[in-house]
Amino acid sequence: MARSTITPALTVSLERVRAHWHRKQGLDEPIQASVEEVVAATGWLRTLGGVDAYLAMRARVPGMKRRQLDEAVEQSRLQVIPAVRGCIYLVPRPEVPLVLRIAEEQHRKRADREHEKAGIAPKELADVGEAVLKALRKGPLSTDALRKALPEGTVRSLGDKGKKVGISSTLPPALRHLEFEGKVERTLDGGRLDTERYLWRLPAKNPLTGAKVPAEAVERHARIAATFFRQAGPTTLESFTTWAALSQREARAAMEKLPLVPVAVEGLAAEAWVLEEELAVLREKGPVSSSLSMLAFEDSYLAFHGGPALFTDPKHHAREVPVWGTTKGSTLGDARYLFMRPLLDGDRLVGFWEYDVDAGAVVFGTFDKLAPKRRKAVEALAGEIATFLRDDVGRAHSFSLDSDDSLRERAALVKEM
């Protein structure tokens with residue numbers, strides 16, 4: 001992978017690249033595959049304790065039922081694990097060994113320091129871990145139930161020292177170590193994915209057994225880079241480093257191991273990168289998408305590429321929008337993480353939608369007025385999503401601390417558009 005002095009293999013418009021992203025994400029035409037294969041192709045799903053993992057999947061697998069995703073987790077075809085940036089994702093089982101190793105690598109950079117400050121010795125964590133494995137032989141347990149099942153004195157409160165680094169006792173770090181070693185895994189509490197409360201269980205088989213995870217960090221990073229560029233390319237070095245939480249030096253070293261070629265994307269970057277095998281597709285004109293999509297909060301389609309700006313008509317970039325957490329930006333042109341659920345017309349962001357808890361219906365608003373036939377099509381999609389949330393999922397919260405009042409506030413913003 002050469003630096004920015006290299007001549008790009010292709011110059012392509014942002015419109016063509018956006019259409020390419022849209023098709024790769026399974027939003028133009030559904031990918032005919034199992035739910036775990038769709039996740040592998042389009043991107044791991046963030047699990048924030050709300051329903052949006054279901055929504056992200058249903059946007060790519062029309063008509064999907066909640067149980068289809070839950071069963072994939074129960075059967076370990078998909079696994080809830082810590083992944084890049086320390087975030088919890090739903091990841092296909094074949095990718096679990098590599099992703100756990102990447103997550104452990106990033107976790108240990110701060111964990112060793114925190115454990116030292118909290119007064120936790122490695123031997124103590126190992127002892128707690130052994131007691132946990134023994135307790136789980138009787139069946140899956142929640143963290144609280146596990147704590148009660150352990151012999152008295154096994155778990156030690158860390159007091160004020162632990163509070164300073166955000167660790168209450170020796171049980172959470174012991175569980176994290178066991179998870180990284182593949183000795184325990186999370187499964188669903190109550191048979192549902194829309195929760196941050198998990199049961200811990202012994203895996204039928206340790207996913208690390210026989211797994212071929214590269215010993216060298218640069219090779220592991222190259223594997224993770226291949227996943228990202230396959231799902232998100234053409235895209236930039238910055239987008240990869242942001243997603244993977246790698247330094248530019250680490251990212252460049254990883255990318256040099258891959259058959260990536262530079263392309264210039266008008267309106268995006270003079271130097272973006274794409275897998276060589278995709279160049280032929282990018283040279284084609286590409287079909288115009290007529291699909292409609294109601295996406296999840298934090299959907300990969302936008303999140304992979306820095307937020308809504310690249311997907312929104314520039315005339316709307318000054319529009320104020322709610323943003324997630326304390327992230328920078330407050331408009332469609334500069335926000336990175338929206339606190340709204342996106343509505344797409346083709347590959348463009350044209351508005352937002354939300355579930356109205358009082359009406360039991362999905363409401364939506366658009367930046368520009370829709371043609372009557374198009375609006376009728378959006379209304380039909382809204383009816384389908386409302387039925388899914390109301391009758392199948394039974395709730396509509398985006399994350400664990402979301403509430404009906406917050407849903408009402410967001411629905412009101414949508415109605416005012």
Side-chain angles (χ1 to χ4, degrees), residues 1-29 31 33 37-44 60 83-84 92 95 98-99 102 218-289 291 299-312 336 344 346-349:
M1 186 189 80
R3 302 298 180 257
S4 57
T5 55
I6 194 168
T7 301
L10 181 67
T11 297
V12 63
S13 69
L14 176 58
E15 288 72 20
R16 179 66 190 93
V17 166
R18 188 169 49 232
H20 188 66
W21 292 336
H22 191 246
R23 179 168 287 271
K24 289 209 303 184
Q25 282 292 306
L27 297 171
D28 180 22
E29 294 181 3
I31 299 170
E37 289 169 334
V38 174
V39 172
T42 63
W44 314 328
R60 294 157 173 84
V84 290
E95 298 178 55
L98 172 66
V99 178
I102 294 286
V218 67
E219 297 292 344
R220 295 193 296 272
H221 297 164
R223 292 270 191 94
I224 216 78
T227 295
F228 180 75
F229 283 93
R230 186 179 68 249
Q231 296 167 349
T235 192
T236 62
L237 170 70
E238 181 183 4
S239 291
F240 174 49
T241 58
T242 300
W243 176 81
L246 298 177
S247 68
Q248 285 206 6
R249 180 184 59 79
E250 290 172 322
R252 284 192 180 278
M255 291 166 64
E256 286 171 355
K257 299 281 185 179
L258 303 178
L260 290 169
V261 293
V263 295
V265 181
E266 298 168 351
L268 172 62
E271 184 182 271
W273 298 91
V274 67
L275 291 168
E276 188 173 18
E277 64 194 39
E278 295 182 39
L279 277 180
V281 176
L282 281 174
R283 287 192 173 100
E284 298 172 1
K285 184 178 180 181
V288 176
S289 175
S291 69
D299 194 279
S300 292
Y301 180 62
L302 273 64
F304 276 161
H305 305 289
L310 297 176
F311 305 89
T312 311
R336 181 170 185 86
L344 300 186
D347 57 25
R348 300 297 291 267
L349 173 65

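- F229 is listed as a side-chain neighbour of L260, based on a closest heavy-atom distance under 4.5 Å.
- L237 places a side-chain heavy atom less than 4.5 Å from the side chain of M255.
- When side chains are defined from C-beta on, R18 counts as touching Y301, because their heavy atoms get closer than 4.5 Å.
- Between T236 and S239, the side chains place a donor N or O and an acceptor N or O closer than 3.5 Å (distance only, hydrogens not considered).
- Using modelled atom types, one side-chain atom of S291 and one backbone atom of L27 make a donor-acceptor pair closer than 3.5 Å.
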For K24 and E278, what are the C-alpha separation, side-chain angles and deciding distance, and is it a salt bridge (Lys or Arg N to Asp or Glu O under 4.0 Å)?
CA-CA 11 Å; K24 289 209 303 184; E278 295 182 39; 3.1 Å; yes
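- At least one donor-acceptor pair closer than 3.5 Å links the side chain of Q25 to the backbone N or O of T42.
- With a 4.5 Å cut-off on side-chain heavy atoms, W21 and D347 do not count as touching.
- Looking at heavy atoms from C-beta onward, R16 lies in side-chain contact with H20 at the 4.5 angstrom threshold.
- The shortest side-chain heavy-atom distance between V265 and E271 does not fall under the 4.5 Å cut-off.
- Counting heavy atoms from C-beta on, the side chains of F240 and T235 never come closer than 4.5 Å.
- Residues I102 and H221 have side chains in contact (heavy-atom distance under 4.5 Å, counting atoms from C-beta outward).
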